[in-house]
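One structure below.
Keep in mind the model is a prediction, meaning the values are calculated, not measured. Proteins get letters first, then strands, A, B, ... in listed order; numbering begins at 1 in each.
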Number of protein chains: 2
Amino acid sequence: MVPVSDLTSHLGYWLRYVSNHVSHEFARKLEERGVTVAEWVLLRGLYDIKPASPSHVAERLGMTRGAISKLADRLIDKRLVERRANPDDARAQTLSLTQGGRALVPELASLADKNDSEFFGHLSLGERQLIQRILEDVVKRRDLKAIPTS
Amino acid sequence: MVPVSDLTSHLGYWLRYVSNHVSHEFARKLEERGVTVAEWVLLRGLYDIKPASPSHVAERLGMTRGAISKLADRLIDKRLVERRANPDDARAQTLSLTQGGRALVPELASLADKNDSEFFGHLSLGERQLIQRILEDVVKRRDLKAIPTS
DNA sequence: TCGATGTAGTTTCCTAGTCAACAATAAGGG
DNA sequence: CCCTTATTGTTGACTAGGAAACTACATCGA
């Protein structure tokens with residue numbers, strides 16, 4: 001009846017809604033390990049790339065340098081990440097995990113697995129793959145559009 | 001090789017990633033109308049329910065009362081929403097759109113349509129419906145779990 | 001009727017993330 | 001060489017949103 005499209009007719013709305021709730025529940029699980037969702041993402045990101053510059057990490061994770069800067073601050077306070085100067089370039093730095101940070105990642109990963117399966121475990125493998133494929137595809141399309149405009 | 005699951009193996013990660021980017025681009029579009037994504041959600045929510053209490057709105061939109069309280073403040077400053085006292089109960093209030101707020105909603109709706117189709121327009125109808133169905137389903141399952149525990 | 005309990009909104013504090021301005025440093029061009 | 005321009009990372013201002021404390025009011029039970 002209304003000539004105005006409903007909130008719930010947009011996939012963006014559902015994505016945002018579900019994403020908020022999934023992240024929120026994951027945050028609750030991570031709490032007992034004293035870590036937040038964003039911190040998990042950075043820790044996991046540093047786990048398999050060797051010491052990397054904040055800029056590099058930012059691009060890899062699709063965040064801004066500012067966000068990484070603040071995140072790194074918190075993780076350094078928690079002794080999970082180290083920031084080191086680069087002798088070749090006084091502007092540059094490298095981030096890497098501490099021993100403690102590295103040890104923590106597998107535990108957090110298992111919480112992530114658990115959370116994901118709580119929310120999406122009831123889906124068939126095919127459904128999960130389809131969604132993931134579609135979401136990855138959306139990211140790729142945006143990147144193609146976004147990069148040239150810089 | 002690594003015994004630790006990858007970030008990108010979790011649907012929650014992709015949801016969060018894509019959702020952030022979709023919302024961000026939508027925010028950019030809304031900017032010219034002087035409105036944010038969350039504000040759009042509240043405006044649209046008020047568009048077809050008649051004057052409603054903040055609590056009611058909060059539950060409908062899956063947010064906390066605190067969030068609605070702050071959002072309403074901003075929208076009232078912008079003269080898009082009105083807050084009125086309830087004569088029957090001095091604690092209670094009702095939120096409703098102003099003339100200007102009501103007039104704005106259809107314009108915002110068309111921006112929402114445009115944004116959604118930029119990101120998801122390339123998908124087949126079937127794919128869109130599948131994703132939406134799955135996301136709605138996740139919400140339903142969680143709600144069933146969440147309500148009884150209160 | 002009055003005290004205990006419950007409920008509506010607001011406020012404060014925190015994490016999260018963007019943007020834009022900034023300082024420091026690097027790299028090139030004349 | 002120096003001056004301009006580009007790049008690195010940090011910071012401050014802002015929106016966003018949950019949690020929990022708090023105020024004001026309502027309601028129920030003895």
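Atom CG of A:Asp73 is separated from atom C1' of C:dA16 by 14 Å (rounded to the nearest Å). Between the CG atom of A:Asp88 and the P atom of C:dT25 there is a distance of 15 Å, rounded to whole Å. Rounded to whole Å, the distance from NE2 on B:His56 to P on C:dT7 is 17 Å. Spacing between atom CZ of A:Arg84 and atom C1' of D:dG9 amounts to 17 Å, rounded to whole angstrom units. The distance from atom CH2 of B:Trp40 to atom P of D:dA16 is 14 Å, rounded to the nearest whole Å. One atom, CZ of A:Phe26, and another, P of D:dG17, lie 21 Å apart when rounded to the nearest Å. One atom, CG of A:Asp77, and another, P of C:dC14, lie 14 Å apart when rounded to the nearest Å. Going from atom CG of A:Leu30 over to atom P of C:dT15 covers 14 Å, rounded to whole Å.
Comment: B:Arg28 engages B:Glu25 in a salt bridge, judged by a side-chain N to carboxylate O separation of less than 4.0 angstrom. Between B:Arg133 and A:Glu127 there is a salt bridge, with a side-chain nitrogen of the basic residue lying less than 4.0 Å from a carboxylate oxygen of the acidic one.
Nearest-nucleotide positions on DNA chain C place B:Ser53 closer to the 5' end than the other of B:Ser53 and A:Asp89. Nearer the 5' end of DNA chain D, as judged by each residue's closest nucleotide, is the contact made by A:Arg91, out of A:Arg91 and A:Asn20. The residue among B:Ala67 and A:Arg65 whose nearest nucleotide of DNA chain D lies closer to the 5′ end is A:Arg65.
Counting any heavy atom pair closer than 4.0 Å across all strands shown, B:Ala90 reaches sugar-phosphate atoms only and no base atom. When heavy atoms are screened at a 4.0 angstrom cut-off, B:Arg16 is found touching the sugar-phosphate backbone but no base atom.
Between the side chain of B:Lys70 and the base of C:dG9 there is no donor-acceptor pair of N/O atoms closer than 3.5 Å.
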Next on the checklist: Working note: A:Lys29 + A:Glu118, criterion salt bridge (charged side-chain N to carboxylate O under 4.0 Å, His left out); need CA distance, chi angles, decisive distance, verdict.
Outcome noted: CA-CA 12 Å; A:Lys29 289 191 176 69; A:Glu118 270 179 33; 3.1 Å; yes
Next on the checklist: Under the criterion side chain to side chain contact (heavy atoms under 4.5 Å, CB included), I'd like the reasoning laid out for B:Val35 against B:Leu80: C-alpha separation, chi angles, the key distance, then a yes or no.
Outcome noted: CA-CA 10 Å; B:Val35 158; B:Leu80 297 174; 4.0 Å; yes
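Contact annotation: B:Ser69 side-chain N/O to C:dT11 OP1/OP2 distance is not under 4.0 Å. Contact annotation: A:Arg83 side-chain N/O to D:dT8 OP1/OP2 distance is not under 4.0 Å. For C:dC19, the OP1/OP2 oxygens have a side-chain nitrogen or oxygen of B:His24 closer than 4.0 Å. Within the 4.0 Å cut-off from OP1 or OP2 of D:dA16, at least one side-chain nitrogen or oxygen of B:Arg74 is found. For B:Thr64 and D:dG18, the shortest distance from a side-chain N or O to OP1 or OP2 is below 4.0 Å.
Out of D:dG17, D:dT8, C:dG9, the shortest distance to the side chain of B:Ala92 is found at C:dG9.
When each of A:Pro54, A:Ser55, A:Ser53 is checked for a side-chain contact (heavy atoms from CB on, under 4.5 Å) with A:Arg65, only A:Ser55 meets the rule.
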